[in-house]
Structures are given as structure tokens and as C-alpha cells.
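Worksheet: the structure to be examined is printed underneath.
On a predicted model such as this, the values are computed, not experimentally measured, just so you know.
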There are 2 protein chains.
Amino acid sequence: MKREAQVPLADASAVAHRSLLTQATTSLVGYRLRRAQLSVFHRFLMLFDDLRLRPAEYSVLVLIADNPGRKQTEIAEVLGIKRANFVTLVHGLAQRRLVERAASADDRRANALHLTAEGQAFVVRARALHDAMEADLVTRLGGPAGRDRLLSLLDRLT
Amino acid sequence: MKREAQVPLADASAVAHRSLLTQATTSLVGYRLRRAQLSVFHRFLMLFDDLRLRPAEYSVLVLIADNPGRKQTEIAEVLGIKRANFVTLVHGLAQRRLVERAASADDRRANALHLTAEGQAFVVRARALHDAMEADLVTRLGGPAGRDRLLSLLDRLT
DNA sequence: CACTTATGTTATCAACTATAACTATATCCG
DNA sequence: CGGATATAGTTATAGTTGATAACATAAGTG
């Protein structure tokens, strides 16, 4: 995880056999973006190891908690998940008794998603965990202003 | 790609059946980071569709170009790729006659990586393509100063 | 009504990542 | 020196993720 050290040299083979010229890759927006995202997600995975919850699952649970009764497709689309792949995801959460798929009243094709009582308690715990992580990230970014600057910059890339 | 619209409501089920409450997920650093990264990578994939080159392959080629003669393990480690997975990646590039695996002089176990003449010409083309994309990203970020601010913020997350 | 679209689902497939085990070398140290 | 240990590349394998196609059922629509 420690690169850098780009000495101004004409020929890399003339330099010591330890440092590589990496500025052509490591200085790229896409590359750094990926590394930062992997780092944050890795931290999430560590933190949620006990709860056996993945980032996508967490976002699904929170979204259902805030929008009970919505169809699978609606939740999936907001998160950019294909509905075919969303089936497996919801199935796992349903097996763990965190989510219920109720038959929708007005559309018999659709599954209305709700949290179970257990699911709601679970989300409270998960949210607390994640809020702590988020708070630490904000601190690293130099407070809410730094966070907002980052989000603003990220938006311009999308 | 168009969320937002968090009306101050006590119950989401009372609101119109179109907008979802998403601020709990979409305002998160990790989530936005992932979306931005996916967006940039998606753009990369579109751009490099003709060249049939993936982001990881591009970074490998550039790294070999700037550091000819290095061992597979060295290149792989810098990029955070497991050497077991790096084998397949290099094999693909070698089959396309872009990269050569030469026996290392001082270590008969190691493969010294070089670009072929064809590989060097290919990298020139790829670099030009990528430089154009990078320039556009920098423009979106409000110039080099914006880019540097972004990279600085991303570093704090790692 | 027939035609088209939407929902959830299953079955695949490709790409990426991670781990274990193996070989052949290399290095270390008593 | 020589045996133990570590390293480079490789293979095999499994888990995760994302994408696509096809299907049954149900809604919508002219």
C-alpha cells in the first residue's frame, strides 16, 4: 500500500531494484478512485463481519426501512441492481427473517418489501455501526465541509 | 440515476408512489464513492472497447512500459493483484503479443516482463486514449486544482 | 379481445478475487 | 557444505459480482 517515490530519472533500469515508476498509474483519477473505494468497502466488510452483512445488503435494508411496502424492482432500480440479481439478495435477507415479501394488493405480480420486527432491530444495530464508520470518515475528510467537497467532486464525475 | 427529492415526511407510504427516501443511502461516502468509481470505470470500458483492454490490463501495460524487466510479482504487488490471478492477466497480454516473459538472468524462477514492439505501439495508442479521458475528468473537476483536491481527499480515506 | 409491457424468477455466463497446493529455484544458517 | 525455509510462477478451485436471455404470470392498452 506504499508506493510513491518517483525519482526524476530517464531510465528506470538504472535505479535501485526496489522502487518502481508508478506515477503514470497511481496519479490517475480512476485508479485512485478505485483504491479509495476498495479501502472504504474493505473497512465496511471488517466492521460488518459479525453481522454478516455486505454493503449492498445494508443499503437494501436501510432503503426498505425508509420505504416500506415498495416493490422489489423499485428498490433494486434505485440502487442500480439488476432485478435478476436482486432476487438472490432479497432471498438471503428473507431467509434470515430480516425481510418479508408480501403480496402487493394492487399488483399481484409484485412483492411488497417490509422489514420484520427482527429486521428492524437489526437495522438499528447496523445503522449505529455504520454511523460510527461514517463519522470517522468525515473526520478524516476534515469535517462535514470536507465531506461535502468530496461528494460534490464525485458528483461531477458521474 | 436521478434520486434526491427527500420530502420531510413522517411516513413514506403516504407519499406519491414515485419518489423514494434515499438520503440515508445516497448521502453516504462509501456509496457515492462506489457510484463514482463505477461511472468512471464504465466510461473506461466504453472507451477501450475497441482495444479490448480492461482497466487492470491498461495499468499493467503502462507499468511495464515504465519499468521494463521487472518480475511479475513486483508489478502485481504494486497494483494490489494476487500473483495467482496475475498469471492469467499476463498470459492474455502475452498471447496478444503485447508482453514478453523473458527468463530473468539473476533469478531463474522469475519472469522479467517487457513490452514487445507491438506492445509499445499499443501502449502509445492506449495512453493517448486514456489521456483524453483523464483530461475530460480534470475539466469536470474544475481543472488541475480540483483534481488535486479530489486526490487529496481520497488519500485521507485510505 | 389481442398485443404489449412489467414483475419476479431461473439459468447461465464472464470477470474478479481469494486460497491452497505444487515445482523449481533461491536463500539462510548451523 | 547441506538441510530447512522462503520465494516466483503456476494450477486448480471456489466465492462474489454483474450482465443477459428466457419464461410464467399479471397488468395495461388499443
query = How close or far is atom P of dA6(C) from atom CD of Glu77(A), stated in whole angstroms?
reply = 11 Å
request  = Nearest whole angstrom, please: distance from the P of dT10(D) to the CZ of Phe86(B).
outcome  = 10 Å
query = Quick check: does any side chain N or O of Thr116(A) sit under 3.5 Å from a backbone N or O of Arg97(A), one acting as donor and the other as acceptor?
reply = yes
message = To the closest 0.5 Å, what do you measure between CG (Leu154(A)) and CZ (Arg34(B))?
response = 13.5 Å
key: DNA chain C-proximal residues of residues 98-110 of chain B, any heavy atom under 4.0 Å   = Asp107(B), Arg108(B), Arg109(B)
inquiry  = Once you measure the plane-to-plane angle for His130(A) and Tyr58(A), does it fall in the parallel (<30°), tilted (30-60°) or perpendicular (>60°) bin?
reply    = parallel
inquiry  = Does Arg125(A), at its CZ atom, have more than 12 non-hydrogen atoms belonging to other residues, nucleotides or ligands within less than 6.0 Å?
reply    = no
ask   = Which whole-number value in Å describes the distance from Asn111(A) CG to dA26(D) C1'?
value = 13 Å
remark   = Sorted by chain and number, sequence neighbours left out, side chain to side chain donor-acceptor pair (under 3.5 Å) with Arg127(B) holds for Asp66(B)
Just the table, please: protein N/O against nucleotides 12-17 of chain C N/O, every pair under 3.5 Å.
unit_1  : atom_1 : unit_2   : atom_2 : d
dT17(C) : OP1    : Arg34(A) : NH2    : 3.4

request  = Round to the nearest Å and state the distance from Arg83(A) atom CZ to dA11(C) atom C1'.
outcome  = 14 Å
key: Whole-Å distance separating the CD1 atom of Ile75(B) from the C1' atom of dT7(D)   = 17 Å
ask   = What nucleotide, of dT7(C), dT10(D), dT10(C), holds the atom closest to the side chain of Val87(A)?
value = dT10(C)
remark   = Result for 5'-nearest mapping on DNA chain D, choosing between Lys71(B) and Thr88(B), is Lys71(B)
Just distance, no hydrogens or angles: give the donor-acceptor pairs under 3.5 Å from side chains in residues 37-46 of chain A, sequence neighbours left out.
unit_1   : atom_1 : unit_2    : atom_2 : d
Ser39(A) : OG     : Leu157(B) : O      : 3.4
Arg43(A) : NH1    : Asp136(A) : OD2    : 2.7
Arg43(A) : NH2    : Asp136(A) : OD2    : 2.8

ask   = Do the side-chain N or O atoms of Thr73(B) get closer than 4.0 angstrom to the phosphate oxygens (OP1, OP2) of dG9(D)?
value = yes
key: ring-ring contact (aromatic ring centres under 6.0 Å, His included): pairs with one or both residues in residues 77-105 of chain B, sequence neighbours excluded   = none
request  = Report the residues that fulfil side chain to side chain donor-acceptor pair (under 3.5 Å) with Asp148(A), sequence neighbours left out, ordered by chain and then residue number.
outcome  = none
